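Single-structure report; data block below.
Computed from a predicted structure; not experimentally measured. For this chain, numbers begin at 1 and follow the sequence in order.
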Amino acid sequence: MASDTNPRSAIASLLAAAPLGALERRYREPWRHYHAWDHPKAMLAHLDRAIGDAVPVVDPAACAGFVLWHDSIYDPQAPHGRNEELSAALCVAEMSLIANALVTARAGAAILATIRHLPPAPNDCPDGALLLDIDLSILGQSPTMFDVYDRQIRAEYAHVEPSLYGTARHARASCAISWLATACS
């Protein structure tokens with residue numbers, strides 16, 4: 001894939017070369033409700049809006065790679081971090097066929113950053129913070145859209161007993177609030 005200075009063109013080039021059919025099949029696995037094909041499609045729209053709003057994007061092809069592969073492997077019963085590790089590995093394997101090593105490494109680093117939702121070092125992925133924001137953009141949507149997200153996540157974790165699920169979701173929300181308070185101060 002040739003280097004392109006126009007962010008939208010670089011993204012279009014990566015999308016044209018990516019194995020979209022295989023990725024879409026993964027995202028359409030029957031146990032996926034939120035982490036389904038609509039999630040990366042919505043993220044691509046967020047990325048496009050960011051570009052349109054003149055948000056600096058250093059490596060748009062890596063950004064598109066992150067969006068496409070970040071949840072390419074998703075098993076709600078996997079141990080914490082396992083899906084991200086496998087998605088990053090798949091990204092590196094498949095993206096290396098269509099993008100250069102730096103672009104591929106940046107996308108993989110951003111995927112691994114979703115384990116803790118802490119941006120990777122700028123040298124590893126200069127657009128990491130933007131990508132994590134886009135991944136979590138559902139948290140800033142309308143209450144109606146958030147309720148849909150909440151129901152979809154619950155459906156993905158239907159195997160978890162209700163009181164344990166509620167406790168875990170509350171702890172995760174508390175952690176996110178603490179992180180936001182620290183990061184935004």
Open item on the list: Apply side chain to side chain contact (heavy atoms under 4.5 Å, CB included) to residues Val103 and Met95 and explain how you reach the verdict.
Closed with: CA-CA 9 Å; Val103 170; Met95 248 185 106; 3.5 Å; yes

TODO: Mind running side chain to side chain contact (heavy atoms under 4.5 Å, CB included) on Arg154 and Val160 for me, showing each step along the way?
DONE: CA-CA 9 Å; Arg154 182 61 182 120; Val160 177; 4.3 Å; yes

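A continuous path of Ile, Leu, Val, Met, Phe, Trp and Tyr side chains, each step under 4.5 Å between heavy atoms, connects Val55 with Met43, placing both in one hydrophobic cluster. When hydrophobic clusters are built by joining Ile, Leu, Val, Met, Phe, Trp and Tyr residues whose side-chain heavy atoms come closer than 4.5 Å, directly or via intermediates, Leu14 is grouped together with Trp37. Taking hydrophobic clusters as Ile, Leu, Val, Met, Phe, Trp and Tyr residues chained together by side-chain heavy-atom distances below 4.5 Å, Leu139 shares a cluster with Ile153. Leu90 and Leu131 end up in the same hydrophobic cluster when Ile, Leu, Val, Met, Phe, Trp and Tyr side chains are linked at under 4.5 Å. Hydrophobic cluster membership differs between Met145 and Leu44, with clusters built from Ile, Leu, Val, Met, Phe, Trp and Tyr side chains linked at under 4.5 angstrom.
Using a 4.5 Å heavy-atom threshold, the side chains of Arg106 and Asp127 count as separate. For the pair Ile115 and His80, the minimum side-chain heavy-atom distance is below 4.5 Å. Here the side chains of Pro40 and Glu24 are not in contact, with every heavy-atom distance at 4.5 Å or above. Residues His159 and Tyr157 are in side-chain contact: their nearest non-hydrogen atoms beyond the backbone lie under 4.5 Å apart. By the 4.5 Å heavy-atom criterion applied to side chains, Glu85 and Ile73 are not counted as neighbours. Contact of the His39 side chain with the Asp135 side chain is registered, since non-hydrogen atoms from C-beta on lie closer than 4.5 Å.
Under the 3.5 Å distance criterion, the side-chain polar atoms of Arg25 are matched with a main-chain donor or acceptor of Gly21.
Heavy atoms only, all atoms of each residue included: Leu132 and Ala110 are closest at CD2-O, 4.4 Å. Closest approach of Trp69 to Ala18, counting heavy atoms only: CH2-CB, 4.2 Å. In this structure, Pro19 and Glu94 approach most closely via the heavy-atom pair CG-OE1, 3.6 Å. Among all heavy-atom pairs drawn from Cys63 and Val57, the shortest one is SG-CG1, 3.8 Å. For the pair Ser137 and His46, the tightest heavy-atom approach, listed with the atom from each and the gap, is OG-NE2, 3.2 Å. Residues Thr104 and Cys91 come closest through the heavy atom pair CG2-O, 4.3 Å.
Ile138 CD1 to Tyr34 OH: the interatomic distance, rounded to the nearest 0.5 Å, is 5.0 Å. To the nearest 0.5 Å, the span separating OG1 on Thr114 from CG on Asn83 amounts to 9.0 Å. Between Ile98 atom CD1 and Leu15 atom CG the span is 8.5 Å, to the nearest 0.5 Å. To the nearest 0.5 Å, atoms CG (Leu86) and CG (Asp75) are separated by 9.5 Å. Expressed to the nearest 0.5 Å, how far CG of Asn6 lies from CD1 of Ile11 amounts to 9.0 Å. Going from atom CD of Glu29 over to atom OH of Tyr74 covers 11.0 Å, rounded to the nearest 0.5 Å.
If you run side chain to side chain contact (heavy atoms under 4.5 Å, CB included) between Val58 and each of Pro126, Pro122, Cys125, only Pro126 comes through.
His70 and Phe66 have parallel rings, their planes meeting at less than 30° on a 0 to 90° scale where 60° marks the start of perpendicular.
Judged by the 6.0 Å and 45° rule, Arg32 forms a cation-pi pair with Tyr27.
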